[in-house]
There are 2 protein chains.
Amino acid sequence: MRFIDNPFQCPVTRTMSIIGGKWKPIILNCIADKTIRFGKLNQLMPAISNKVLSKELKDLETLGLIERMEYDELPPRVEYKLTAAGLSLMPVLMEVANWGNSHFAKSIVS
Amino acid sequence: MRFIDNPFQCPVTRTMSIIGGKWKPIILNCIADKTIRFGKLNQLMPAISNKVLSKELKDLETLGLIERMEYDELPPRVEYKLTAAGLSLMPVLMEVANWGNSHFAKSIVS
DNA sequence: CAGTATCCCAAAGGATACTG
DNA sequence: CAGTATCCTTTGGGATACTG
């Protein structure tokens, strides 16, 4: 129980540091089982700023949850997709979503 | 898929706003199936400041995840325990922890 | 098209001292 | 004992303009 001294040794906290941000779960959900381009992601999430989207994608790549594929074309093309690790997160996100739905269903706008 | 415009309509994001903080999952875990006093929690988590602990507890109470019981004694005694909703979160936290353990096991100090 | 660069703001969290 | 009050630093995120 050492994480009581240092929360970042707690597996929950470490996972949260990955998916706990405002946009990361949504980005993962937008990628899902597709390969998708930067611009398409931006279009799916009009409220995210350019800077934040690119930073989040970098984070996710560094964590090994998504793969970035750059094609040598003009205009440039970059595609993202989930890695096996990224895919393995999806069921966890579903559990989290299920809890959110069953306990705060009133405020949902679908 | 409206949450793409407003992440707080996303059930994952809403759940994260509850358990995504630095301390809330740890607090819930420290309470677990016990009733526990403020001072005891502070002692279990020496790294959390007084102010933050009391704020987090208030948040969790407002959310209906814990119950606060105040006894009219001197010195004062206050005890906290999980509500049914709070308990229902524990399996979700376990899933999250399991993922964290299986994907980042190297950095764990137990 | 897929980003950077720059500047800015709000919110989270922390340290310390104090109180009914 | 169980908190408040005050002040401060850090972090996350956003707006906008620019570029290879």
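Just so it is clear, the values below take in all heavy atoms, side chains as well, and ignore hydrogens, waters and symmetry mates. Below, chain A is the first sequence line, B the second, and so on; all start at residue 1.
Between Ile27(A) atom CD1 and dG13(D) atom C1' there is a gap of 12 Å when expressed in whole angstrom units. The separation between Lys51(B) atom NZ and dC7(D) atom C1' is 9 Å, rounded to whole Å. If you measure from atom CE of Met45(A) to atom P of dG13(D), you get 13 Å, rounded to the nearest angstrom.
How far CD1 of Ile31(B) is from CD1 of Ile26(B): 12.5 Å, rounded to the nearest 0.5 Å. Rounding to the nearest 0.5 Å gives a distance of 9.0 Å between CG of Asn50(B) and CD1 of Ile48(B).
Contact detail for Ala32(A) and Leu87(A): the closest heavy-atom pair is O-CD2, 4.3 Å. Closest non-hydrogen pair, Ile19(B) versus Lys24(B), comes out as CA-CB, 4.5 Å. What you find for Trp23(A) and Glu56(A) is that their closest heavy atoms are CB-OE2, 3.9 Å.
Within residues 73-80 of chain A, the residues that have a heavy atom under 4.0 Å from DNA chain C are, in order of number, Pro75(A), Pro76(A), Arg77(A), Val78(A), Tyr80(A). Of the residues in residues 56-69 of chain B, not one places a heavy atom less than 4.0 Å from an atom of DNA chain C.
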Show me, pair by pair, the donor-acceptor contacts under 3.5 angstrom made by side chains of residues 60-68 of chain A, not counting sequence neighbours?
{"from": "Thr62(A)", "atom 1": "OG1", "to": "Lys58(A)", "atom 2": "O", "distance (Å)": "2.9"}
{"from": "Arg68(A)", "atom 1": "NH1", "to": "Glu70(A)", "atom 2": "OE1", "distance (Å)": "3.0"}

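One finds no salt bridge joining Lys81(B) and Glu79(B) here, because no Lys/Arg side-chain nitrogen approaches an Asp/Glu carboxylate oxygen to under 4.0 Å.
Residues Val12(B) and Met94(A) have side chains not in contact (no heavy-atom distance under 4.5 Å, counting atoms from C-beta outward).
Of the side-chain N and O atoms in Trp23(A), one or more sit less than 4.0 angstrom from OP1 or OP2 of dG14(D).
In secondary-structure terms, DNA chain D builds stems of at least 3 consecutive Watson-Crick or G-U pairs, each pair having both distances under 3.5 Å, at C:1-20 with D:1-20.
Nucleotides of DNA chain C that come within less than 4.0 Å of any heavy atom of chain B span, from the 5' end to the 3' end, dG13(C) to dG20(C).
Contacts of Ser88(B) classified as side chain to side chain donor-acceptor pair (under 3.5 Å), with partners at least two apart in sequence or in another chain: Trp99(A), His103(A).
For Lys55(B) and Ser54(A), each mapped to the nucleotide of DNA chain C holding its nearest heavy atom, the one lying further toward the 5' end belongs to Ser54(A).
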